[in-house]
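A note on names: the letters A, B, ... follow the listed sequences, proteins ahead of strands, and every chain is numbered from 1. Side chains are part of it too, since the values below use all heavy atoms of this structure and drop only hydrogens, waters and symmetry mates.
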Amino acid sequence: MATDLLWTLIAFFLTILVLSYVLGDNALFRFVMMVFVGISAGYAAVLIYFQVLLPRLISPLLTLPTPEKTVYIIPAVLGILLLFKLSPRLSALGNPSMALLTGVGAAVAIGGAVTGTLFGQINGAISPFNLAGVQGGNWATQLLGGIVLLGGTICSLAYFHFGARTKDGENTGSQPVLIQILGRIGQVFIAITLGALFAGVLSAALAALIERLAFLINVIKPLVS
Amino acid sequence: MSEIICPFCGFANSIEALTCSNCKKQLYDDVDPDSSPPARDEMDWLNDFRGFGDERSAGADKKTESIQPGEIPSSTDADEESDIPEWLVRIRALKSEDRPAPGENETVEPEEIPAYTPGESELPDWIKEIKEGDVPAPLEEPAGDLPEWLRSMAGGEEVPPVDDISPDLSMIMDEPVAEGGIQLPEIPYDLPVETAPDSDLDTPNPIPAYDAEDLVDIPDDLFEAIVSQPEVAESESLPDEPSTDAPEWLEPKKTETVPPDISEPTPSDSNQLPDWMFEPTEADAGTAAEPAELDFSTLDASLSAIGAENLPAGQSEAGLPDWLLEDEAGNFGSSAETQAGETPNLEIGQMPGWLHAMRPLEAAAPDLAAPIDENRIEPTGPLAGYQGLLPGEGVVTQYTRPPVYSGNTQVTDKQRIYATLFETLIADETRVGAAADEKSSTLQLVLRMSVGLILIGALLIALIINPGVAPSPNLVPPEAVVFYETVQTLTAAATPPRILVGLDYEPALSGELSTIANTVIQDWMTGNSGLAFVSLNLSGPALSQELVNLAGASVPTYLTAERVINLGYLPGGATALAALAVDPSRAAPASVDGIPAWNSLLLQGMVSLSDFDAIVLLTDNTENTRAWIEQVKPAVEETPLLVVSSAQAAPALMPYVQSGQITGMISGFTGGAAYEQLTQAQNGTVRGYWDAYQGGMLLIAAFMLVGSLIYGLMNLVRRSKKA
Amino acid sequence: MISLTGVLGLGVVFLTIALIIILRMLGKDREKPAFRRIAAFDDLKKSIGLAVENGSRIHVTLGKSSLTQPTNTSALAGLSTLDRIAQISSSSDKPPVATSGDGGLTLLSQDTLRSAYRNVHAPELYDPGRGRLTGITPMSYIAGTLHVTTHEDVSAHVMIGNFGPEIALVAEAAEHAGAFSLAASDSLPAQAALFAVAEKPIIGEELFAAPTYLGASRSHSASLQVQDILRWGVIVVLIGGALLKAMGML
Amino acid sequence: MRAPLSTAIAIAAGGLTLLGLLIPVDPLVAIRTRLVEWVIVLAGVAGLVAIVHLLSVHWRKMTARRNKNFNSAFLLIAFVITFITGITLKPSHPTMQRIVTHIQVPIEASLMGVLAISLTVAAIRLFQKRGGWMSIVFAISAFVFLVIGSGLLSASANIPVLKDVLAAVNALPIAGARGILMGVALGSLTTGLRVLLGSDRPYSG
């Protein structure tokens with residue numbers, strides 16, 4: 001019970017100190033931030049050890065029979081090489097490990113971008129045009145909606161076009177009129193999207209603030225009454 | 001460049017200080033704080049150089065066109081005008097006829113302007129591109145802050161493009177200053193006076209000083225050119241006899257010093273100075289020699305006295321650039337006049353600091369050299385009765401501590417004003433974008449504080465009172481309806497469903513998401529569903545536990561220990577999800593406690609993710625949701641993917657909802673409230689915050705509207721003013 | 001089993017590879033391709049130049065994306081930008097500092113700085129302390145970066161990578177410190193927050209153009225050209241797909 | 001070419017993983033899964049290495065001759081206490097849970113609360129910062145979605161066509177979002193391929 005109260009008080013004061021940033025940057029806020037970075041790093045280190053290294057590397061190397069162990073020797077060696085990154089002189093020894101990390105990471109990103117986003121969004125953009133089985137006048141509404149969204153998507157894509165005209169080999173920085181027009185329309189759609197997202201971010205942040213203030217009230221209430 | 005060391009106590013004072021804030025002694029020997037003219041007067045002569053302007057400046061233009069030597073120094077004191085004897089005015093008028101007016105001077109071609117950019121060749125190409133004079137956009141606004149004379153110069157004619165001027169110049173200065181630079185040709189006027197000392201100065205780093213000169217002292221030089229002229233004229237036209245007023249120690253110097261041949265600059269000179277500076281004009285070639293030689297020796301001596309040669313670079317930079325020494329040059333002139341004794345109104349108190357500095361000890365402590373009385377008889381001591389002895393006590397008692405000299409350049413008011421001008425000129429160039437001045441940042445801080453306090457105050461009131469006036473949403477978005485229906489269908493099934501809950505939100509948003517998810521998890525628990533939690537972030541396992549504890553408290557019949565398993569943290573993000581989609585038992589083999597998870601009662605017999613009845617994703621992160629959709633959804637074609645998202649991620653997830661990749665979604669407090677409305681949940685968690693939330697959102701919207709209107713109108717007014 | 005999506009994806013990948021190689025080879029003989037002007041990058045160049053001249057620091061922050069996440073490409077673009085900035089500002093008294101919120105990214109930022117200085121024949125400028133992890137969780141990363149923003153005499157902040165909207169706190173602190181800030185992210189909420197807070201926000205895909213606009217290698221220019229080609233390909237597919245769908249042929 | 005071995009590893013590993021993702025046939029999927037497992041381990045090790053580096057940087061700041069930063073000392077102490085507690089008690093221990101729920105959650109959530117205020121101020125000053133019609137559309141959109149997000153309009157179900165209007169307005173951001181997402185996907189594709197082609201080698205330090 002006493003420990004619960006202690007933890008609650010810690011949370012209470014931490015909340016107050018962080019919210020003091022509203023009045024400007026101050027020493028207490030900086031102190032809390034540093035403590036926070038330290039604690040989160042400590043917690044992350046523990047979790048990495050217990051949830052990544054122990055079950056995926058150390059335990060198999062210690063428990064598995066030799067033939068199966070060989071599979072884990074490669075990441076073990078690469079992991080050890082990665083430790084050399086701590087030494088400025090020997091850090092080059094860790095490059096192969098970083099290369100593997102980067103290569104696989106890039107492949108995952110490419111796969112996700114092509115099959116997930118690109119194809120997924122193309123499919124999503126054209127799906128409203130599937131009018132089969134749409135009753136009555138709904139098809140007109142759906143078609144109109146589909147056209148607006150498709151047009152908006154195309155214009156937004158066109159806005160990002162990078163190429164520009166050249167004159168006597170000099171970059172004029174200007175684009176063809178068609179792209180300029182499409183880009184202008186695209187800007188409107190992009191601005192609408194960013195505005196909606198901004199409102200969403202504000203809403204989420206406000207919810208967090210409300211929850212914190214409610215917590216402060218809940219801590220103070222019993223003390224007051 | 002921003003502090004002056006007190007020569008008496010060594011205390012660092014601000015550049016504006018006239019007296020030391022520590023010892024309260026006067027910082028400048030040659031400036032009397034009381035008699036120093038106000039800044040406006042200092043600027044008058046600058047107004048005189050406008051090509052156009054108000055009546056006063058128009059009058060001044062006339063003056064400059066036919067230089068009335070007596071009138072030009074009115075920059076320092078207009079009253080001197082009346083003191084000049086009539087005969088002297090006549091002589092000056094005659095002199096002015098021989099001399100071309102500054103306006104008529106041939107202008108120097110831009111090529112002639114030396115570009116002192118030593119390190120330029122080392123700079124990367126694109127920095128040179130920047131230097132090619134494309135002026136940062138926001139520089140127009142700061143122009144409003146520029147001094148009057150500089151803006152008036154902007155209107156000047158025969159101005160070559162900025163690019164024509166040295167890149168260094170165009171890089172640092174905006175247009176008006178670049179145009180100001182065109183006044184350079186008029187400098188040669190006072191060259192013999194100005195350049196001779198400069199050419200021999202052994203300053204640690206003369207080149208940057210010349211950069212500064214190129215930039216800022218243009219009108220200043222022009223001023224000096226005109227100021228120095230009458231002095232030269234006087235010293236030429238009047239009999240050169242030693243002045244009785246002049247201190248003795250000056251006289252031998254005058255005879256000893258050898259005048260340097262200014263009309264034939266030495267190679268070393270030409271290295272340091274542009275050629276045009278050595279163009280001799282009939283008017284001053286010979287005449288200027290005398291004051292020049294005075295300046296030469298005295299300035300040299302004064303510098304050696306204050307040890308200027310030994311100044312470290314930093315310190316010399318901290319001091320003022322060479323061009324600011326022109327005031328000393330002016331003072332040399334005045335010292336010449338002092339010898340000639342032609343200007344009775346020049347007070348001895350105006351003797352410049354460097355002149356004080358080079359005085360011999362006698363000058364500093366005059367009593368020291370007391371006259372020796374030959375007939376004096378020693379009254380006391382072992383030499384009592386002897387005659388003509390040197391008085392010892394004189395030296396002992398009258399000895400004074402040698403004066404302390406500041407290592408920093410001593411600056412006059414005028415110099416300080418130019419320095420401040422120079423600083424303001426380059427201030428806006430030291431950063432790209434709108435200059436964030438002190439005032440605006442303070443206003444911003446005040447705005448931030450007041451908005452924060454108002455918002456927090458309003459929310460606290462709403463939370464404490466909790467009036468329940470905010471109406472619950474009756475219009476429910478279709479994706480929320482689908483979410484609700486899916487939950488109802490699965491929980492109503494004969495066999496309790498097994499749900500994979502992906503917890504993918506940061507502690508930062510747990511306030512929002514745990515509040516929304518609480519009701520949903522409670523519904524699953526009410527349907528006795530099996531819940532397997534897996535998390536993509538480090539804090540996930542702890543947050544899952546917290547969420548289960550919160551929801552479980554509301555459903556006492558639910559056996560948490562049997563029906564819930566926490567698979568913990570899934571490292572590797574999207575790659576881990578891909579692995580999870582292929583073989584879940586391999587990707588997340590154990591629970592957070594280290595117990596093999598897939599042999600547990602809950603997950604027994606499961607081989608793939610499609611064995612789960614539904615996947616519920618609690619997320620605040622668009623990218624990770626994308627990863628779930630891209631990596632996991634294809635592996636569980638038929639299994640519904642339900643998303644409880646933060647309001648910040650919802651708009652970005654809508655495309656996936658529309659494309660059917662997300663089956664159902666509730667997002668933010670609004671979605672949570674809508675879901676509670678659908679489930680008719682009594683005292684739902686979102687409902688508790690609903691008043692504060694709705695009030696807060698509307699308050700923020702109001703703030704935004706008012707702010708946009710105010711700043712929008714201000715922009716319109718500013719534009720119309722510009723137009 | 002082989003899915004149509006997989007095959008199409010592979011086709012797109014090979015097409016892109018072919019285009020990058022061809023355009024890169026063609027680019028050798030022709031002059032630099034022309035790209036539209038993006039004012040924010042011009043200002044970035046200027047602020048780097050000013051930082052070099054007045055001896056202040058440039059801060060490049062690369063975000064929190066792990067290398068194992070699909071969002072890591074924004075960080076890779078950030079690393080290319082860091083490489084360019086490090087080379088450009090190698091004549092500065094204060095070399096740039098790179099911060100990130102992921103371990104792998106931190107090590108890559110150190111490698112990038114090292115190779116950048118080696119390329120300009122100034123390996124002695126490399127200091128591993130200039131490639132830092134400021135926090136391992138997203139919010140602690142922001143907390144650590146806030147400290148760099150206010151305590152290291154930074155005159156220009158370049159935020160390129162994957163962030164949450166909380167990056168707005170850093171942009172705001174940069175503004176308070178009177179520093180220039182350019183911000184680009186692949187995350188939509190972060191873009192929205194930065195659009196309102198940052199001095200020079202970069203929207204969406206423009207993030208990947210940063211290295212090219214800072215004068216990076218020809219392959220960067222080629223990949224921008226490829227993006228343009230693919231863009232119009234996607235637009236054609238969208239229009240065609242919509243028509244076919246409406247006609248019930250898809 | 002610098003670091004040929006590392007480049008070869010990056011290209012080979014990336015290529016195989018990509019093939020495994022796009023053509024899920026047995027050998028390729030097995031290789032991809034294995035590579036991904038290795039990468040997860042390496043990412044963990046990289047995380048630890050970076051944390052050690054973070055500590056070393058703050059140790060240097062703490063022990064610096066000039067401009068000592070004493071906050072760095074608190075960071076190091078906080079790390080040591082948390083790490084030792086975690087290693088001895090394990091992450092599932094209630095104390096470790098509380099470190100998250102009573103220290104991390106309050107700090108992070110409060111920072112989000114501060115963000116709410118910062119964004120409100122930014123919204124107020126939007127037109128002071130930048131003009132242009134994109135900003136105007138942004139401001140209007142943000143205002144409209146703030147009002148919609150407040151749930152005020154959703155409360156009045158009896159207003160005719162309001163539901164359709166709300167649905168249409170809510171759908172509008174999809175177009176822009178799609179455009180941005182597709183553009184980012186194209187950028188990711190080319191950037192990722194530059195790594196797989198060995199053109200970008202951030203690992204060649």
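Remark: B:N537 CG to C:S66 OG distance equals 12.5 Å, nearest 0.5 Å. Here B:N621 contributes atom CG and C:N162 contributes atom CG; the two are 7.0 Å apart, rounded to the nearest 0.5 Å. Note that the CG atom of C:N72 and the CD atom of B:E623 stand 11.5 Å from one another [nearest 0.5 Å]. Atoms CG and CD1, on B:L538 and C:I136 in that order, are 7.0 Å from each other to the nearest 0.5 Å.
Residues meeting the side chain to side chain donor-acceptor pair (under 3.5 Å) test with B:S608, sequence neighbours left out: B:S610. Contacts of C:E206 classified as salt bridge (Lys or Arg N to Asp or Glu O under 4.0 Å), with partners at least two apart in sequence or in another chain: C:R36.
Of residues 58-65 of chain C, those residues with a non-hydrogen atom less than 4.5 Å from any non-hydrogen atom of chain B are, in numerical order, C:K64. Contacts of residues 138-147 of chain C with chain B at a heavy-atom distance below 4.5 Å involve C:P138, C:M139, listed in sequence order.
In this structure, C:Q69 and B:R626 have side chains that are not in contact, with every pair of non-hydrogen atoms separated by 4.5 Å or more. B:P651 places none of its side-chain heavy atoms less than 4.5 Å from the side chain of C:L188.
Neither the backbone nor the side chain of B:D620 comes within contact range of chain C, judged by heavy atoms closer than 4.5 Å. For C:E166, no part lies near chain B; criterion is any non-hydrogen pair under 4.5 Å. At a 4.5 Å heavy-atom cutoff, the contact between B:E506 and chain C is made by side-chain atoms alone. Only the side chain of C:P165 comes within contact range of chain B, with at least one heavy atom under 4.5 Å from a heavy atom of that chain.
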